[in-house]
Structures are given as C-alpha cells and as structure tokens.
Student: 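Take this structure first; my questions come after.
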Amino acid sequence: MIRLIAPDQWKRKPVSLDSTLEARVAEVIKGVIDHGDEALLEYTKTLDRVDLTSLSVPASVLSSAWDEARPAWKRAFESAAENIRRFHWKQLQQSWYIDDGDGVRLGQRILPVESAGMYVPGGTAGYPSSVLMTAIPAQVAGVANLYLTSPPDVSTGFPHQEIMAAAHMLHINNVYSVGGAQAIAALAFGTESIPAVDKIVGPGNAYVTAAKKQVFGHVDIDSLAGPSELVVLADKTAKPEWIAHDLMAQAEHDVMASAILVTPDEEIAKKTCRELNKLLSVIEREEIAGPALRKYGAAIVTPSMDDAIYMVNKIAPEHLELMVADAWVILERIRHAGAVFIGPWSPEAVGDYYAGPNHVLPTGGTARFSSALGVEDFIRRQSVIGYSQRRLSLVADEIALMANSERLDAHARSIKVRTNN
C-alpha cells in the first residue's frame, strides 16, 4: 500500500508548471475584467454546468439553509466557531506609541483591511468548516466587508447547503454562486454584482490557485495552497491502528494528498502498513485514498529518533502529529510545520474542525517560511512619525548627509528649508 523507504529515498513532489492551465486561467481573468457578470454567468454555465440568471444568493436562502440544518450540526458548528474565535482573539495586535523625547512621538497603528473575499470550495461536496476558518479571523481583525464565493450545486444553483448555513451563522450576507478562476477574478477586479476586495483567502483547486497567483499584486492573497499533507512522527509507544486511521483520513482528501509516517521503529512501520491495507477495504473514498497512498504515501524508517526529527524538519509538513513519548519535549526540536498535533489524543481532524487554530496552512514545504492563516493576515501596520522642531534641528545635518550620499539633493533641501542648516 505505502512504500517502506529509507530517508534518502524521499523526494518532494515536483512543482507543476502547467502552461496550458496558466494560459486558460489568464483567459478567464481577462474575460471577467472585460465582461463582468456576463462572463461569470457564461463560465458558470460552460464550466460548472449550471445556468444562472443571478450570482447573488438571497438572504432568505441563507436563512433557510440555517433553519433546515440539523440541531446537532448547529450545535457542533456553534461550538467550533466559539473555539476558533477565542483562539484568534489572542492574535489581535494593538496600536502603540512611544515618547522619544524632544516632543517626538513615534508609533504603529494596527488597521484591518477594508474588505476581504473568501473562496470556499464546493459544488458536489461542501466544506463549511472553511467558512469558519476564513471568516472568523477576518471578523476578529475588524474587516468591515466580507464577501464569500463558492461554486453552485447543479441541482439548486446555490452553494452547498451547509456552506450557506455556516455563512448565515456568521452573519455573512454577501454570498455568491460562483467558483473557479472566475470567482478569484471577480473578487480581485470586481464586477457589477461582486465588489473588488483587498484580500482573497481560502483554498481551491489548481485553477483557483493559478488565478490567485496571477492576481497577486493587484490584491493580496493568503497563500498558494497545494495538495494537503500529513506527517506522523511515531515511536514504539504509538498505536499502528491509530496511525493508519490518521494517514487514511489525510489520503481521502485528494488523489494528490501526502500521508507519511516517519519512525525509527521498523516494526511500527510494518504494522501500520498492514492496518492501512485493512482500512482501505472499508472506507467510502477508496477511489481517492488508494491512489494517494500508493503514489504519495510513505513509511520512512530512520536509524534513530534524531534522524526522524531531522527528516520531519526537512519535509516541513502542513500537518504534523507527534505520536511519541515526551511529545512536548520533542516539540522544541520541531522547526518547520504548519500545525503540530501533540500526543495520541490530538488527531489532525481535531484541528481541521474544532480545536480553534486555523486549518488554512502552508503546504509543499512552505512551512519553512509561512504560517497558518490568522488575524494578522487581515491587518495592516501603519507607521506614525511625529517629529518636533527641536529634534529635526538636532539631526538635520545627519539626514542631509545621508540624502546627499545617495545624490538625492531634493531630500536634503526638504530638511534644510525647515532648519536653516
């Protein structure tokens, strides 16, 4: 099922540069820029096989989706939303000022972006948890205007029922039945129905990711998300059955998902492989999980725990489970991972849905330099400089010298005209 390999046999997925896909996405973006809603409706008809007359989802449809949701579903999502909001409140930064003497005041203002667009994958399957993970940090940051786009279901012409229910629960009223690259283009440049935003967040397929890449710079984006990843670091104390279930939960996401076990214990690796084979025969999404495990799954057996930790940091996974003794001690040696799940009672699914930390995470090794989506992704830091006449007179010569050294005479003159230096 998954390969037992040595550390030096592991290779990162190659970066896919599909010029045909990139060109098609560029064509879609240009179509939306040139033709607005007309293009969105046409792309939705030809690409999603849904013939719409309007893109905006009425408030009555959103409220009906919430009313029709099962009570147990409502309770679970309300509890998850409370956990997510409480966690993200801890990330909120405050503006600050310092008195630097001589009547000088310096500081930094923390301001939210004015508008943000959330892309939530949908269509035949819905991901309402992504509504919570993208919207709540923006709301905590103070973003005034939130816009949600999600592909329409063929049978209803609206986004997935539970996506709409989650949007209503969070008081998101601007919801649109549009997906794919065309949705990203609409959020970036605006149409008659959908306003242009300052920031676009949320995961999507290869077309969505390519579109985010192409509009970046005109608007900000969260990241270029790739296929999801899980690494389980395990020692002899771990239960192979539990490891197998967690690897399978990862593999069922996508045929390109990565599910990797790293362990210095070869017996744990062999037992986990046997458990995976048994589990594959009973899960619902075998047609997805099977190819993912065969192509991107692996059990990496290392000479020691030190080598296993080195391997984990080299992979820099999106999700990392520490199924080891002294997991909190091992955590101090983990440098690169999007989210870390400590101990046997913290499977990835806890973080995907409920615990509070964000599930929009860096993939493809980008955890070396990127972080989980959070409140800070929706704020701007604005520098404030309030100099006094006395301080400017004291430092005018130094500033003018620095300006002249760069041959920027007008800079120096703008100082001297105020100080007669």
Side-chain angles (χ1 to χ4, degrees), residues 40 43-44 47-48 50 52 55-59 61-63 65-66 69 73 76-77 80-81 84-85 88 115-139 143 145-188 193-195 197 199-212 215 219 221-228 253-254 351-354 358-361 363 372-374 377-378:
L40 294 179
Y43 288 134
T44 301
L47 300 177
D48 295 322
V50 182
L52 301 177
L55 300 162
S56 182
V57 179
V61 174
L62 299 177
S63 61
W66 174 256
W73 185 96
F77 271 75
I84 295 164
R85 195 174 300 276
H88 286 83
S115 59
M118 297 162 294
Y119 186 89
V120 180
T124 56
Y127 297 92
S129 61
S130 288
V131 179
L132 275 57
M133 295 293 184
T134 53
I136 291 175
Q139 291 176 333
V143 179
N145 303 298
L146 296 179
Y147 304 92
L148 188 154
T149 64
S150 189
D153 185 271
V154 174
S155 60
T156 66
F158 296 121
H160 192 276
Q161 186 85 346
E162 290 181 347
I163 289 175
M164 294 192 296
H168 179 79
M169 181 185 76
L170 296 181
H171 308 291
I172 300 168
N173 300 315
N174 300 309
V175 179
Y176 303 93
S177 298
V178 59
Q182 58 271 28
I184 302 302
L187 291 170
S193 296
I194 303 175
V197 300
K199 178 111 183 186
I200 300 173
V201 300
N205 63 17
Y207 288 89
V208 170
T209 300
K212 288 170 71 176
V215 302
V219 296
I221 63 171
D222 52 352
S223 64
L224 299 174
S228 192
H253 270 294
D254 189 291
D352 278 351
Y353 296 110
Y354 199 80
N358 211 285
H359 77 195
V360 180
L361 297 162
T363 60
L373 185 71
D377 290 289
F378 296 95

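No experiment lies behind these values; they were computed from the predicted model shown.
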Student: Can you list the steps and then say if Thr156 with Val61 is a side-chain contact (heavy atoms from CB on, under 4.5 Å)?
Tutor: CA-CA 11 Å; Thr156 66; Val61 174; over 6 Å; no

Student: Is a side-chain donor or acceptor of Tyr127 paired with a backbone partner of Ile163 at a separation under 3.5 angstrom?
Tutor: no

Student: Among Val197, Asp222, Leu146, Ile200, find the residue that satisfies the side-chain contact (heavy atoms from CB on, under 4.5 Å) test when tested with Met118.
Tutor: Leu146

Student: Any side-chain heavy atom of Thr134 sitting closer than 4.5 Å to one from Leu373?
Tutor: yes

Student: Quick one: are Ile221 and Ile184 in side-chain contact, heavy atoms under 4.5 Å?
Tutor: no

Student: Might you work through the side-chain contact (heavy atoms from CB on, under 4.5 Å) test for Phe378 and Val201, ending with a clear yes or no?
Tutor: CA-CA 10 Å; Phe378 296 95; Val201 300; 3.8 Å; yes

Student: CG/Asp48 to CD/Gln182 distance, rounded to the nearest 0.5 angstrom?
Tutor: 6.0 Å

Student: Is there side-chain contact between His253 and Asp352, with heavy atoms separated by less than 4.5 Å?
Tutor: yes

Student: Give the ring-plane orientation class for Trp73 versus Trp66, where under 30° counts as parallel, over 60° as perpendicular and anything between as tilted.
Tutor: perpendicular

Student: Specify the closest pair of heavy atoms between Gly157 and Val50, including all atoms of both residues, with the distance to one decimal.
Tutor: CA-CG1, 3.9 Å

Student: Roughly how far apart are Leu52 CG and Thr44 OG1, rounded to 0.5 Å?
Tutor: 5.5 Å

Student: So which atom in Ala135 and which in Leu170 form the shortest heavy-atom distance, rounded to 0.1 Å?
Tutor: CB-CD1, 3.9 Å

Student: Heavy-atom distance under 4.5 Å between the side chains of Ser177 and Val57, does that happen here?
Tutor: yes

Student: How close do Thr209 and Leu224 get, heavy atom to heavy atom, and via which atoms?
Tutor: O-CD2, 3.5 Å

Student: Taking side chain as C-beta onward, heavy atoms only, is His88 less than 4.5 Å from Asn358?
Tutor: yes

Student: Quick check: closest heavy atoms across Gly202 and Lys212, and the distance to 0.1 Å?
Tutor: O-NZ, 2.8 Å

Student: Between Thr363 and Gly226, which heavy-atom pair has the shortest distance, and what is it?
Tutor: OG1-N, 2.7 Å

Student: Within the structure provided, determine whether Asn145 and Pro195 are in side-chain contact (heavy-atom separation under 4.5 Å).
Tutor: no

Student: Flag the pair Ile172 / Val131 as yes when at least one side-chain heavy-atom distance between them is below 4.5 Å, and no otherwise.
Tutor: yes

Student: Quick one: are Pro128 and Tyr353 in side-chain contact, heavy atoms under 4.5 Å?
Tutor: no

Student: If every non-hydrogen atom of Phe77 is compared with every non-hydrogen atom of Met169, which pair is closest and at what distance?
Tutor: O-CE, 3.7 Å

Student: Measuring from Ile194:CD1 to Thr149:OG1, what's the distance to the nearest 0.5 Å?
Tutor: 7.0 Å

